[in-house]
Number of protein chains: 2
Amino acid sequence: MSTTGHQSDEPRAIRPTSEIDPEQISDFKGRRAIILKSALELFATHGYEATTMDQLGEHVGIRGPSIYKHFRSKQELLVEIMFHTMERLQANFADAISQSDEVTQQLKTAVEAHVRYHAHHRFEAFVGTREIYSVTEPDRSEVIDLRAQYECGFRDLIERGRLEGHFDTGSSRLASFAILDMGMGVAVWFKETGPFDAERIARYYGIMALRMLRRSA
Amino acid sequence: MSTTGHQSDEPRAIRPTSEIDPEQISDFKGRRAIILKSALELFATHGYEATTMDQLGEHVGIRGPSIYKHFRSKQELLVEIMFHTMERLQANFADAISQSDEVTQQLKTAVEAHVRYHAHHRFEAFVGTREIYSVTEPDRSEVIDLRAQYECGFRDLIERGRLEGHFDTGSSRLASFAILDMGMGVAVWFKETGPFDAERIARYYGIMALRMLRRSA
DNA sequence: CCTACCGATCGGTAGG
DNA sequence: CCTACCGATCGGTAGG
């Protein structure tokens, strides 16, 4: 019935209450890492608005206000997650297309990387897409811009494949939207526990993407 | 600087401040319609948690607390939107597959209907997918169940096409996820103002879905 | 459909 | 990293 604070008897030390392997959720490193990981998990499961700083503190093993020793605001946590996610997606894409000179192979590898990320980092991807409107300006516009750039990479690849005669698309832009969106969907329903492992999904989505771009019989 | 309420001088009557054609956003009818439509618009643009009853009231042209004359709670508004959306999707699907006996044609028409709905009712679709975790139990489980049933319709169609030798899928379930997800994505980026009209997108997505399900060359 | 207002919560600050 | 607490907001109720 208290209205003035917590009644917790737990020790006050950094100690996550979650048993999920942090490396599997995120690649954040350093001091602020554990807070960022917890924030990611809570934002993903409850949503940004619905997550409170006290909840986040409890999840990490400290008091809510203590988080402000590491981050300036709740918003900073979200922005950090957003930019980190876009950086990783861009890096994965660059890496994927560098492994071949053939468009068909490049697109397949890029789609696989896209899907693999959305499976292995489903929380980042999930929060990244769902909480864009929780980001305040000017950061929001910047994130939207990064996403547009990412999409452009796929679109250019498809357009090149079309010009080289490998693909037959009604619209390279619509095709890239479709391929990207079906990959993003993986982050919503993927479960580490199966029945599909990330690698199988990535491979199959790569095949489906290529089929989509070919002339119908 | 006031902390005790609104300073608005507007008349107190039902009069939406939005200029968007309600029929284009939603098919809600009757007395509660205008509130539901406004709620849909605000939930879609700001998110459920971030939308306040006072905001909603202002958008409709009444005071916040007056909404409780029409709805029991904020939650009821969301639940109403959710179930309505699933009903419409299911109805559209049933209608689509009733127009042919051939699986290939059925699937194409069903995908077109799916995409058309996500373009024309992007707010419903958007809120329906993004705000599931804002719905409290037991309604949440029921909505998730309806979504699973909807997916099953597509999966069964694909599986039948495979058994009849029309399709060659590595997994009918993954294929249905991919097709459904790419259609849901339309609700996120579609703009009434172009450059693509809903009909063109629907047709092209229907074609891409069929290509996805065919054997690669 | 309105005003007045309650009980609770929340992000963030002060000052150790 | 903690306690104490502020200023503001929010969903919902009372009683017209």
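Since we're looking at a predicted model, the values are computed, not measured.
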task: Scan for salt bridge (Lys or Arg N to Asp or Glu O under 4.0 Å) pairs involving residues 175-189 of chain A, sequence neighbours excluded, and state none if there are none.
output: none
Whole-Å gap separating P (C:dT3) and CD1 (B:Ile62): 12 Å
- line: Stems in DNA chain C, runs of 3 or more consecutive Watson-Crick or G-U wobble pairs with both distances under 3.5 Å, sorted by first number, are C:1-16 with D:1-16
field: Test side-chain contact (heavy atoms from CB on, under 4.5 Å) applied to A:Thr51 - qualifying residues, sequence neighbours left out
entry: A:Leu42, A:Phe43, A:His46, A:Gln55
Within the sub-3.5 Å range, which N or O atoms of nucleotides 10-14 of chain D have a protein N or O partner, and how far apart are they?
from: D:dG11; atom 1: OP1; to: B:Thr51; atom 2: O; distance (Å): 3.1
from: D:dG11; atom 1: OP1; to: B:Lys74; atom 2: NZ; distance (Å): 2.9
from: D:dG11; atom 1: OP2; to: B:Met53; atom 2: N; distance (Å): 2.9
from: D:dG12; atom 1: OP2; to: B:Tyr68; atom 2: OH; distance (Å): 2.6
from: D:dG12; atom 1: OP2; to: B:Lys74; atom 2: N; distance (Å): 2.9
from: D:dG12; atom 1: O5'; to: B:Tyr68; atom 2: OH; distance (Å): 3.3

field: Interatomic distance where CD1 belongs to A:Ile67 and C1' belongs to D:dT3 [whole Å]
entry: 15 Å
field: Check ion pair B:Glu80-B:Arg32 (N to O, under 4.0 angstrom)
entry: yes
- prompt: Which residues satisfy the ring-ring contact (aromatic ring centres under 6.0 Å, His included) test with A:Tyr150, sequence neighbours excluded?
  reply: A:His114, A:Phe154
- request: Check the distance between D:dC2's C1' and A:His70's NE2 and give it to me in whole angstrom.
  value: 12 Å
task: Could I get the full list of side-chain contact (heavy atoms from CB on, under 4.5 Å) partners for B:Lys191, not counting sequence neighbours?
output: B:Arg122, B:Thr193
Protein-nucleotide distance (A:Lys69, atom NZ; C:dG15, atom C1'), rounded to Å: 10 Å
- line: Hits for side-chain contact (heavy atoms from CB on, under 4.5 Å) against A:Arg200, two or more places apart or cross-chain, chain-then-number order -> A:Phe196, A:Asp197, B:Ser171
field: Inter- and intrachain pairs under salt bridge (Lys or Arg N to Asp or Glu O under 4.0 Å), touching residues 138-155 of chain A, at least two apart
entry: A:Glu151-A:Arg155
statement: With sequence neighbours left out, the residues meeting side-chain contact (heavy atoms from CB on, under 4.5 Å) with B:Phe126 are B:Ala44, B:Arg130, B:Val188
